[in-house]
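Have a look at the structure below, then the notes.
Chain A is the first sequence line, chain B the second, and so forth, proteins listed ahead of strands; every chain is numbered from 1.
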Number of protein chains: 2
Amino acid sequence: MATIIDIARRAGVSVATVSRTFSHPDKVQAKTRERVNRAVAELGYSPNALARGLRQMRSRTVIVIVPWIQNPFFAGIIQGVENVAHDNGFKVLLGETQERQERLDYYAAMVSSRIADGLILLGSLLPAEISQRLEGGGGQPMPLVLACERFAELTCPHVAIDNERAACEAVHHLIGQGCRRIATVSGPSGNTLSEDRTAGYRRALAEAGLPCPDGYILEGDFSVESGYRMMEAVLKLDPRPDGIFFANDEMAIGGLRAIGKAGLSVPGDFAVIGFDDIRFAEYVTPPLSTIRQPTGEIGETAMRLMLEHLNATPAEVSQVILDHQLVVRESSLRGALPSQAGQADKQ
Amino acid sequence: MATIIDIARRAGVSVATVSRTFSHPDKVQAKTRERVNRAVAELGYSPNALARGLRQMRSRTVIVIVPWIQNPFFAGIIQGVENVAHDNGFKVLLGETQERQERLDYYAAMVSSRIADGLILLGSLLPAEISQRLEGGGGQPMPLVLACERFAELTCPHVAIDNERAACEAVHHLIGQGCRRIATVSGPSGNTLSEDRTAGYRRALAEAGLPCPDGYILEGDFSVESGYRMMEAVLKLDPRPDGIFFANDEMAIGGLRAIGKAGLSVPGDFAVIGFDDIRFAEYVTPPLSTIRQPTGEIGETAMRLMLEHLNATPAEVSQVILDHQLVVRESSLRGALPSQAGQADKQ
DNA sequence: CTATGTAATGTAAACCATTACATAACGTGC
DNA sequence: GCACGTTATGTAATGGTTTACATTACATAG
């Protein structure tokens, strides 16, 4: 494998000139540049990113951490991150934690060992290194941007939608469709995102003067399977709910299946609404009403925050709240006129 | 950020000893080791992976390239790769190409620039560098393992199922359910994987002495949307098919929706079978029959092949074919007895 | 013709870890 | 008391790039 020295020799210049041809072309005479480029092409040279990163003390790489790559919701976010990253000469690596601390720490270690410059976090876990520092440990904080999830104790750049408000709107929509007994399948507790959504659910019920009986809040874990299981539990509730707010689309899809299997119908017996607007939401039966998150924009913003952070733009921690959108499909359409079907803008 | 020199000073030993404490602990006396470890803990040292990689001329990292991270089918494969990788001290990076050459080359460049040691390829694209070399160019071949897809011109380590045979089985299953006019929605042409599956479809029809009229083979692109659109086209066919083989589950899900929208029923009007057994297949209405690929095993095998390749186990290109499984759910169950529902083992 | 400035290029010191080789410490056997 | 082997540790070269600083070439002004 050719090195910069081989190129220098071949082009009859010094290594510094070769290096400059790449990183500061304007500092090199056009015809010298051309000679260098020819040598590069002839020898098939490609700069060693390890050596470069070592010298520059940065790798121009960020790691995006998602709990589950399988969850289609994250795909849009990742795409947003990549767009902005590429435009700024950054590489993007993807890490899946499966919500296991050990796996997250493994990726966090890649920042400590300089493989990546920073971490964009999408799950509900925090690197052990960070948690420890919060409890008074010292040490260099690693560049961190939070997307979606927030952590009460930690102030750092953050982008998300207003989950509580969005959940509240979703539930109000069910109420508007005539539902009077509305249950929810929440995400795992201890997760601010779940808690915000559940809070929105409670607020909507309170605002409408509707009760929230014991047992109407069921805890899932954001997986299709848990949605299915929790829906089975909902079917046994007395009085039986007539509307269900699932804290994400995956669980809602599991729920739809459980309802179908029980021989009941949506939206006839239950109006159902999810959250996220994943790609499959439109294709299940009946098509799923949901809250659309601006995934691309979330990702783009997250990466932009990371760039600011890395360029040491002094402290000033940005926190961005983006708009969401209520998407009404058949799963929640009861008394309403047919013309109201399809997508409706928020508010 | 502390370096190995700081640790050496703090522990009162040489840098060599510190280095050995990490990589060859048995070569260091227990109490020295302990002193080093204490220094490491006190200073929060983490070895610079760039310097290490530079020196060792390898990064112990592989990149897994998928066309679309959104496709749930790839998740299992990635997980398999990661399991074996971690067990062997390798890091895994994920790249999404969106089936664009430019993006693939971007990741391939990371191998040339030594950020990663090799590429595990899951799409139908080949890095430009490789294609060129196939056409007679010279240069060092980059370590490459193909999963799922194969390339006629290229011999390199490869793992997949027998797509033709699996597709053939799927179609025979439809025939066994009484279907006599079976259409298929294939993947994009020019893709060996699509072509193998279509070949399997043709073979099954031929074996059963059934016709394959013009227009019964529709070309999709593996997306839900294309499944929906192609199914709309199928609905207009005359004579109308009574069974459909979709070349993947995503398209099948789109197809189910189109059928539902047209007021027709599955499996009554159409028996439907997909391919892959993605996570959502079980939860659509009706649950989707399909061919299950052993995703975890594919991933594990791919990574194992990569390790062999990297350890320069001389040439000998391994090609592994794994077993698939026919999974029968409601979408294809017509005349059969109810007891046959659920999963059935292959053959 | 000299002084001064500018542009293009070169030299060599970083960056941080690994590792071949050298050295030191210590024990064993004679 | 010496030769030798074994084990633990140290010294310094090495990997490939970037970049501060030094040098050179050349033009312009005085």
Please report, rounded to the nearest Å, how far the [atom2] atom of [N] is from the [atom1] atom of [X].
X        : N      : atom1 : atom2 : answer
B:Phe22  : C:dA17 : CZ    : P     : 9 Å
A:Met57  : C:dC15 : CE    : C1'   : 7 Å
A:Met1   : D:dT14 : CE    : C1'   : 19 Å
A:Ile115 : C:dA17 : CD1   : P     : 13 Å
B:His24  : C:dA20 : NE2   : P     : 8 Å
A:Arg55  : C:dC15 : CZ    : P     : 8 Å
A:Leu54  : C:dA13 : CG    : P     : 17 Å
B:Asn48  : C:dA14 : CG    : P     : 17 Å

Could you walk me through whether B:Val40 and B:Phe22 pass the side chain to side chain contact (heavy atoms under 4.5 Å, CB included) test, one step at a time? CA-CA 11 Å; B:Val40 167; B:Phe22 284 95; 4.0 Å; yes

DNA chain D: 5'-proximal contact among A:Ser23 and B:Ala51 (nearest heavy atom): B:Ala51

For atom CD1 of A:Ile5, decide whether the heavy atoms of other residues, nucleotides or ligands shown that lie under 6.0 angstrom number more than 12. no

Please report the interatomic distance CG(A:Asn191) to CG(A:Asp221), rounded to the nearest 0.5 Å. 11.0 Å

Closest nucleotide among D:dG15, C:dT19, D:dT17 to the B:Ser19 side chain: C:dT19

Contact class for A:Tyr45 vs. all strands (heavy atom < 4.0 Å): base, sugar-phosphate, or nothing? sugar-phosphate

Indicate for each nucleotide in nucleotides 6-11 of chain D, in 5' to 3' sequence, whether protein heavy atoms under 4.0 Å reach the base (B), only the sugar-phosphate (S), or nothing (-). --SBBB

Would you say A:Gln101's side chain and A:Leu126's backbone share a donor-acceptor pair under 3.5 angstrom? yes

Any side-chain to backbone donor/acceptor pair from A:Asp105 onto A:Glu102? Under 3.5 Å, distance only. no

Report the C-alpha distance between B:Leu94 and B:Phe74 in whole Å, list the side-chain angles of each, state the deciding distance to 0.1 Å, and finish with yes or no for side chain to side chain contact (heavy atoms under 4.5 Å, CB included). CA-CA 11 Å; B:Leu94 234 51; B:Phe74 297 119; over 6 Å; no

Check this for me: does the side-chain of B:Arg52 come within 3.5 Å of the base of C:dT18 through a donor and an acceptor? no

Rounding to 10°, can you tell me the angle the first-five-pair axis of the helix from C:dC1-D:dG30 to C:dC30-D:dG1 makes with its last-five-pair axis? 60°

Given the options A:Ile161, A:Thr301, A:Ile77, A:Pro294 meets side chain to side chain contact (heavy atoms under 4.5 Å, CB included) only with A:Ile161

Identify the residue among B:Glu149, B:Glu99, B:Arg150 that makes a side chain to side chain donor-acceptor pair (under 3.5 Å) with B:Ser124. B:Glu99

Just wondering, do B:Val28 and B:Thr17 contact through their side chains at under 4.5 Å, heavy atoms? yes

